[in-house]
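Reading through the structure tokens given below for one structure.
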Protein chains: 2
Amino acid sequence: MLKLTKKVDYALLALNLMAKSGEDGISNVRDIASLYSIPPEILAKVMQKLSKAGLIQSHNAPKGGYSLKVQAEEISVLKVLTAVEGPVGIVSCSDGTDRTCQQHDQCDIRSPLERLQNNILWFLEALSIRELGQEPAVLKGVTDGSSVFGQPLHHKG
Amino acid sequence: MLKLTKKVDYALLALNLMAKSGEDGISNVRDIASLYSIPPEILAKVMQKLSKAGLIQSHNAPKGGYSLKVQAEEISVLKVLTAVEGPVGIVSCSDGTDRTCQQHDQCDIRSPLERLQNNILWFLEALSIRELGQEPAVLKGVTDGSSVFGQPLHHKG
DNA sequence: TTATCACAGACCAAAATGATCTGCGATAAT
DNA sequence: ATTATCGCAGATCATTTTGGTCTGTGATAA
Ligand code: SF4
Ligand code: SF4
């Protein structure tokens, strides 16, 4: 439930690597895929989407590859999510124009859920790929909510 | 991406209804399903899970149904999520015991992602089904992050 | 006794996701 | 000019997840 897709994981790994290798370091798909044991073809597709979204710059040539197009601080996790998987939404209803949800007319929980969604999106926007490679102490703009829980929360998958 | 499942939606709708009908108002599956146009069989299953999780009380008899087992303020969205769909996790890797993720050993983004996850879980825990039926102004404990975005964010479903 | 409710699990269909395969186009090195 | 190396694009397939259906059992108040 609420799990990030594998493609997003791949994207974050790749971007984090590129962020560490400097602003204009060039990495190619094969190398990244090999390093992280990612199927090259699928990573290639992911990178293409990141490129289309304007997050990275492609260099289509031998010894080419990809480099960051904007600073690592400017690339939020939300932007990566949106680039790779499309618009992010907690609630499965659409906006006012088309209402495919069978419960839409009777629904009385939409407003608070959208509010919750905005909060989550805010967090996703606040976390940049620059901060992915840094230690917890360096994180800024995101409050640590782990104290609410007795111990680190884990998950299956 | 990051969408709640339909079953969770059903659960939230039902719980919100029950919360509004008072602490010991009894609602049965057929009525709720009819009101919200939910397939009765699937709602039945959802309610059973909520019952097993101790969130609601079943009354197995004619004129029976379900009633809240604990106060509406005590039932967080996170508890509903967990009851209906199992453990919630942003990252798809598991804890240290079993590592099915092929990238686990090389992964250097786990820690910040788990932190992000905890933040999201905190929000889900902070929102109770009591607040689902209330207007935005009444919401407490959850900051409104919508100001970050120019206009309400929508999504496809 | 019986109608009404919850309980349980098998079962199936559709959609989302992960992954593979094939061919094309750009370009720098030779 | 040729060629090897890279990205670009799409169709296609397998697996998993999800949503939904079907059938039958058990509890209990009227
Ligand atoms: S039930 Fe309400 S919140 Fe959920 S998808 Fe439908 S309209 Fe949106
Ligand atoms: S890539 Fe890292 S964060 Fe993602 S699932 Fe694997 S171990 Fe977890």
Side-chain angles (χ1 to χ4, degrees), chain A residues 1-11 13-14 18 26-34 36-53 55-67 69 81 84-89 92 100-103 155-157, chain B residues 1-11 13-14 18 26-34 36-53 55-67 69 81 84-89 92 100-103 155-157:
Chain A
M1 183 83 262
L2 283 185
K3 225 180 307 184
L4 297 183
T5 66
K6 219 67 178 120
K7 290 179 189 175
V8 169
D9 238 0
Y10 297 157
L13 285 169
M18 295 170 72
I26 293 188
S27 318
N28 69 61
V29 167
R30 209 188 30 172
D31 290 348
I32 304 177
S34 161
Y36 290 112
S37 308
I38 301 173
E41 302 93 342
I42 209 170
L43 178 61
K45 286 206 183 315
V46 169
M47 299 298 273
Q48 285 166 30
K49 289 192 173 180
L50 294 177
S51 176
K52 277 191 175 179
L55 302 181
I56 60 179
Q57 177 67 248
S58 80
H59 304 274
N60 192 356
K63 291 282 182 182
Y66 293 98
S67 60
K69 195 169 185 179
L81 276 182
V84 175
E85 299 287 355
V88 179
S92 55
T100 59
C101 171
Q102 203 74 11
Q103 288 75 41
H155 40 274
K156 289 291 176 185
Chain B
M1 184 82 262
L2 283 185
K3 226 179 307 183
L4 298 183
T5 65
K6 219 65 177 125
K7 289 180 189 173
V8 170
D9 237 1
Y10 296 157
L13 284 170
M18 295 171 72
I26 293 187
S27 319
N28 70 62
V29 167
R30 208 188 31 172
D31 289 350
I32 304 178
S34 161
Y36 289 113
S37 309
I38 301 173
E41 303 91 342
I42 208 170
L43 178 60
K45 285 205 184 316
V46 169
M47 299 298 274
Q48 285 165 29
K49 288 193 174 180
L50 294 178
S51 176
K52 277 191 175 179
L55 302 181
I56 59 179
Q57 177 67 248
S58 79
H59 304 276
N60 191 356
K63 290 282 180 182
Y66 292 98
S67 60
K69 195 169 185 177
L81 277 181
V84 175
E85 299 287 354
V88 180
S92 55
T100 59
C101 172
Q102 204 73 12
Q103 289 75 41
H155 41 273
K156 289 292 177 183

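Lettering follows sequence order; numbering is per chain, from 1. Computation of the quantities below employed the complete heavy-atom set of this structure, encompassing side-chain atoms and omitting hydrogens, waters and symmetry-equivalent molecules.
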**OP:** Summarise how protein sits on nucleotides 19-30 of chain C as a single string, 5' to 3': B when a protein heavy atom is under 4.0 Å from the base, S for sugar-phosphate-only contact, - for no contact.
**Re:** BB----BBBB--
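Side chains of A/K69 and A/S51 form no contact here, defined as non-hydrogen atoms less than 4.5 Å apart. Residues B/D9 and B/I38 form no side-chain contact, since every pair of their non-hydrogen atoms from C-beta on lies 4.5 Å or further apart.
Nucleic acid contact class of B/K52 (heavy atoms, under 4.0 Å, all strands): sugar-phosphate only.
Rounded to whole Å, the distance from CG on A/D9 to P on C/dG18 is 9 Å. Taking atom CG of B/D31 as the reference point, atom C1' of C/dA6 lies 14 Å away to the nearest angstrom. For the pair B/H59 NE2 and C/dC5 P, the computed distance is 14 Å after rounding to whole Å.
Taking all atoms of both residues into account, the shortest heavy-atom contact from A/Q57 to A/H59 is O-CD2, 3.6 Å. B/A14 approaches B/I32 most closely through the heavy-atom pair CB-CG2, 4.0 Å. Counting all heavy atoms, side chain and backbone alike, A/S67 lies closest to A/I26 at CB-CG1, 4.2 Å. The two atoms that bring A/V29 and A/P40 nearest to each other are CG1-O, 3.6 Å, heavy atoms only. Of all the heavy atoms in B/A11 and B/V84, the pair that sits closest is CB-CG2, 3.9 Å.
Put simply, CG on A/L50 and OG on A/S58 are 11.5 Å apart, with the number rounded to the nearest 0.5 Å.
Each of B/T5 and A/R30 lies near DNA chain D, and the nucleotide nearest A/R30 is the one positioned closer to the 5' end.
Put simply, B/S58 has no side-chain N or O that comes within less than 4.0 Å of OP1 or OP2 on C/dC5.
At distances below 3.5 Å, at least one donor-acceptor pair connects side-chain atoms of B/Q103 with backbone N or O atoms of A/Y36.
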**OP:** Could you walk me through whether B/M18 and B/I56 pass the side-chain contact (heavy atoms from CB on, under 4.5 Å) test, one step at a time?
**Re:** CA-CA 10 Å; B/M18 295 171 72; B/I56 59 179; 4.1 Å; yes
**OP:** Start with the C-alpha distance between B/M47 and B/K52, add both sets of side-chain angles, then the distance that settles side-chain contact (heavy atoms from CB on, under 4.5 Å), and finish with yes or no.
**Re:** CA-CA 9 Å; B/M47 299 298 274; B/K52 277 191 175 179; over 6 Å; no
Under 3.5 Å, which N/O atoms of the protein pair with N/O atoms of nucleotides 13-15 of chain C?
none

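For DNA chain D, the span of nucleotides reached by chain A at under 4.0 Å from its heavy atoms goes, 5' to 3', from D/dA4 to D/dA11.
An end-to-end axis angle of 10° holds for the helix from C/dT1-D/dA30 to C/dT30-D/dA1, taken from five base pairs per end and rounded to 10°.
Residues satisfying the side-chain contact (heavy atoms from CB on, under 4.5 Å) criterion with A/Q48, sequence neighbours excluded, are A/A44, A/Y66. B/T5 pairs by the side-chain contact (heavy atoms from CB on, under 4.5 Å) definition with A/M1, B/K7, B/V8, B/E85, not counting sequence neighbours.
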